[in-house]
There are 2 protein chains.
Amino acid sequence: MKAHKIVIVEDHVLLSQAIASLVNSFEDFNVLYTCKNGKELLTKLKTFDNIPEIILMDVNMPILNGIETTEIIKKEYPKINVIALSVEENDITIIKMLKAGAKGYLLKDVEKDILELALKETIKNGYYHTKDVSNILINSLNDDNSTKIQLKKREIEFIKYSCSELTYKQIAEKMFLSPKTIDGYRDNLFQKLNIKNRIGLVLYAIKNGIYKL
Amino acid sequence: MKAHKIVIVEDHVLLSQAIASLVNSFEDFNVLYTCKNGKELLTKLKTFDNIPEIILMDVNMPILNGIETTEIIKKEYPKINVIALSVEENDITIIKMLKAGAKGYLLKDVEKDILELALKETIKNGYYHTKDVSNILINSLNDDNSTKIQLKKREIEFIKYSCSELTYKQIAEKMFLSPKTIDGYRDNLFQKLNIKNRIGLVLYAIKNGIYKL
DNA sequence: TTAAAAAAGGGGGAAAATCCCCTATTTAAA
DNA sequence: TTTAAATAGGGGATTTTCCCCCTTTTTTAA
């Protein structure tokens, strides 16, 4: 029986090689190669004829992150199944990843047996979800929180600037707006995100990946 | 030839098992067991007679972190060599870990060959350092930045509260201090840490692990 | 195509944060 | 034991933040 072909995308090389070693130890699975980020993955997919059946993809990566990469993969290689592999327990990130087309989402604190199961199930059924992730999905469909809070481009730009030592006056200058307009953005966001002050905004931005440390 | 005995401490189970798989694939090395945090490690060391030669230790872990755990290990099991394994590139963290007694510090984005080399060198010489870490060490000895910024207990407490939506007045209440004292703490920290406002303080706290998201 | 909603811009005033100056205990170190 | 930090508190001025209210322009949808 021919082993199923896996590719791993993960920015920390040691982890990526360690996961490769683990996957190679499973029966019927074989790691073709590993990549440091989405860009490297796309290059390698174009270069090599050997197309993987499953891509194990980290979510937080430099250059081209898991969500963006998965979207591209789904368009250009719709037959490849992407399984997300992340430490990120943030609901919004998980939902974004699944919307992008991931067929599974594994937290990095699962047992290796779960990884093996996820690989097998994905080959067999085309998808696999742990209970945790299923629950998040169900909750997110009920509360429409995940879809409700839609931030505008200009708001996101403002939030990013807010995660710095700039005063609002300075942010206004950077964005070519009057300080009073900036006041409006802020007040609006405070209400929308249910926060009390700029600290809350910074924490929100970091937790939701708008601002990266 | 008997294989050298390794123990892995890492909060993300899948990564810990993946690294175990990798280490087991090296000649002359064998993973005894893996632990989810420092507390579990200490329990297992007491329970099992089989004492490892090297502990591969993650730095950021819940319950008992890598730095605290390493300090305890150095006291109770001085013969065990600890190698830190982390994504954390923060100078202060690295120095803290080495001060705690780690014999090496590997970033998680090194090649697996480097891990193997680090294990071999540590068995042979009792230590191993990559160039990156050596450079950080040298710089830290020249600039006395790393040692200079010593935060006091009460300051750290204040910083943690600052990473919330509480006003300074509310923080003062929580800490049973006058708002004016809080003013002093803040002004002092701003100067000491070379930051301009509370946002800077929050970012500093997060980057230096004082406040965990 | 027209009404409604969203986005962009702004004003006034109160509250909070920031800055710069200062003093008195208490504790730790030389 | 004396000196130096660390801890706690303060006055007063300035800036920034925050809150509530408003208008104009641009999109979106009926």
Side-chain angles (χ1 to χ4, degrees), chain A residues 92 143-208 210-211, chain B residues 92 96 99 143-208 210-211:
Chain A
I92 294 155
D143 324 343
D144 45 357
N145 273 334
S146 53
T147 42
K148 195 173 146 196
I149 299 177
Q150 287 281 31
L151 296 174
K152 300 152 209 163
K153 282 183 297 264
R154 207 73 170 143
E155 278 180 337
I156 288 171
E157 204 183 329
F158 165 72
I159 293 176
K160 284 182 184 166
Y161 279 123
S162 295
C163 297
S164 77
E165 294 187 348
L166 296 172
T167 67
Y168 288 127
K169 202 194 285 183
Q170 290 170 321
I171 295 173
E173 280 169 27
K174 290 247 178 201
M175 291 180 72
F176 302 105
L177 293 173
S178 139
K180 277 295 164 187
T181 307
I182 289 295
D183 274 17
Y185 278 106
R186 184 201 51 222
D187 295 353
N188 195 18
L189 280 168
F190 282 6
Q191 221 200 320
K192 190 148 74 173
L193 305 176
N194 191 32
I195 52 181
K196 288 186 179 62
N197 53 36
R198 188 165 161 184
I199 307 299
L201 190 61
V202 172
L203 296 176
Y204 176 89
I206 295 172
K207 283 179 186 159
N208 291 280
I210 295 167
Y211 177 74
Chain B
I92 294 155
K96 274 189 189 166
K99 270 191 184 169
D143 324 344
D144 44 355
N145 273 334
S146 53
T147 42
K148 195 173 148 196
I149 299 178
Q150 288 279 32
L151 295 175
K152 299 150 208 166
K153 282 180 299 260
R154 208 73 172 142
E155 278 180 336
I156 288 171
E157 205 183 329
F158 165 73
I159 293 176
K160 283 181 183 167
Y161 280 123
S162 295
C163 296
S164 76
E165 294 187 347
L166 296 172
T167 67
Y168 287 127
K169 203 195 284 182
Q170 290 169 322
I171 294 173
E173 280 167 26
K174 290 247 178 201
M175 291 180 71
F176 302 104
L177 292 173
S178 134
K180 272 295 168 186
T181 308
I182 289 295
D183 272 18
Y185 278 57
R186 185 202 49 221
D187 295 353
N188 194 20
L189 280 168
F190 282 6
Q191 218 198 323
K192 190 148 75 173
L193 304 176
N194 191 31
I195 53 180
K196 288 184 179 63
N197 52 35
R198 190 164 160 186
I199 305 299
L201 190 60
V202 172
L203 297 176
Y204 176 88
I206 294 171
K207 283 179 187 160
N208 291 280
I210 295 167
Y211 177 74

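Quick note: numbers below take in every heavy atom, side chains included, and nothing from hydrogens, waters or symmetry partners.
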Protein-nucleotide distance (A/Leu201, atom CG; D/dC18, atom P), rounded to Å: 9 Å
B/Tyr168 OH - D/dC18 P separation (whole Å): 11 Å
Worked verdict on A/Ile159 versus A/Tyr185 for side-chain contact (heavy atoms from CB on, under 4.5 Å): CA-CA 9 Å; A/Ile159 293 176; A/Tyr185 278 106; over 6 Å; no
Separation of B/Ser164 OG from A/Ile199 CD1 (nearest 0.5 Å): 8.0 Å
By salt bridge (charged side-chain N to carboxylate O under 4.0 Å, His left out) - contacts of B/Arg198 (at least two apart): none
Of B/Asp187 and A/Lys169, the one whose closest DNA chain D nucleotide lies more 5': B/Asp187
d(NZ, A/Lys196; P, D/dC18) in whole Å: 12 Å
Each nucleotide N or O in nucleotides 23-26 of chain D that has a protein N or O under 3.5 Å away: list the pair and distance.
none

Boundaries of the DNA chain C segment in contact with chain B, non-hydrogen, under 4.0 Å: C/dA16 to C/dC20
Rounded (10°) bend between the five-pair end axes of the helix from C/dT1-D/dA30 to C/dA29-D/dT2: 60°
Only distances under 3.5 Å count here; give the side-chain donor-acceptor pairs of residues 171-179 of chain A to other protein atoms, sequence neighbours excluded, each with its distance to 0.1 Å.
{"residue": "A/Ser178", "atom": "OG", "partner": "A/Lys180", "partner atom": "N", "Å": "2.9"}

Any donor-acceptor N/O pair, A/Asn197 side chain to A/Gly200 backbone, under 3.5 Å: yes
Test salt bridge (charged side-chain N to carboxylate O under 4.0 Å, His left out) applied to A/Glu165 - qualifying residues, sequence neighbours left out: none
Considering all heavy atoms, the nearest B/Leu203-A/Tyr211 contact: CD2-CE2, 4.0 Å
Value in whole Å for how far the P atom of D/dT17 lies from CD of A/Glu165: 12 Å
Those residues of residues 173-184 of chain B lying under 4.0 Å from DNA chain C by at least one heavy atom: B/Asp183
Distance, rounded to the nearest Å, where A/Phe190 contributes CZ and D/dC20 contributes C1': 14 Å
Protein-nucleotide distance (A/Gln191, atom CD; D/dC18, atom C1'), rounded to Å: 13 Å
Rounded distance [0.5 Å steps], CG in A/Leu189 versus NZ in A/Lys192: 6.0 Å
Sugar-phosphate only, base, or nothing, as touched by A/Arg186 at under 4.0 Å among non-hydrogen atoms: base
Length of the line joining A/Ile199:CD1 and D/dT16:P, which is rounded to integer Å: 16 Å
Spacing between A/Asn188 atom CG and D/dC22 atom P, to the nearest angstrom: 16 Å
By side chain to side chain contact (heavy atoms under 4.5 Å, CB included) - contacts of A/Asn188 (at least two apart): A/Lys152, A/Glu155
Atom pair CD1 (B/Ile210) and OG (B/Ser162), whose distance is rounded to the nearest 0.5 Å: 10.5 Å
Test salt bridge (Lys or Arg N to Asp or Glu O under 4.0 Å) applied to A/Lys160 and A/Glu157, step by step: CA-CA 5 Å; A/Lys160 284 182 184 166; A/Glu157 204 183 329; over 6 Å; no
Trace of the side-chain contact (heavy atoms from CB on, under 4.5 Å) decision for B/Phe158 with B/Leu201: CA-CA 10 Å; B/Phe158 165 73; B/Leu201 190 60; 4.0 Å; yes
Sugar-phosphate, base or nothing in reach of B/Arg198, heavy atoms under 4.0 Å: sugar-phosphate
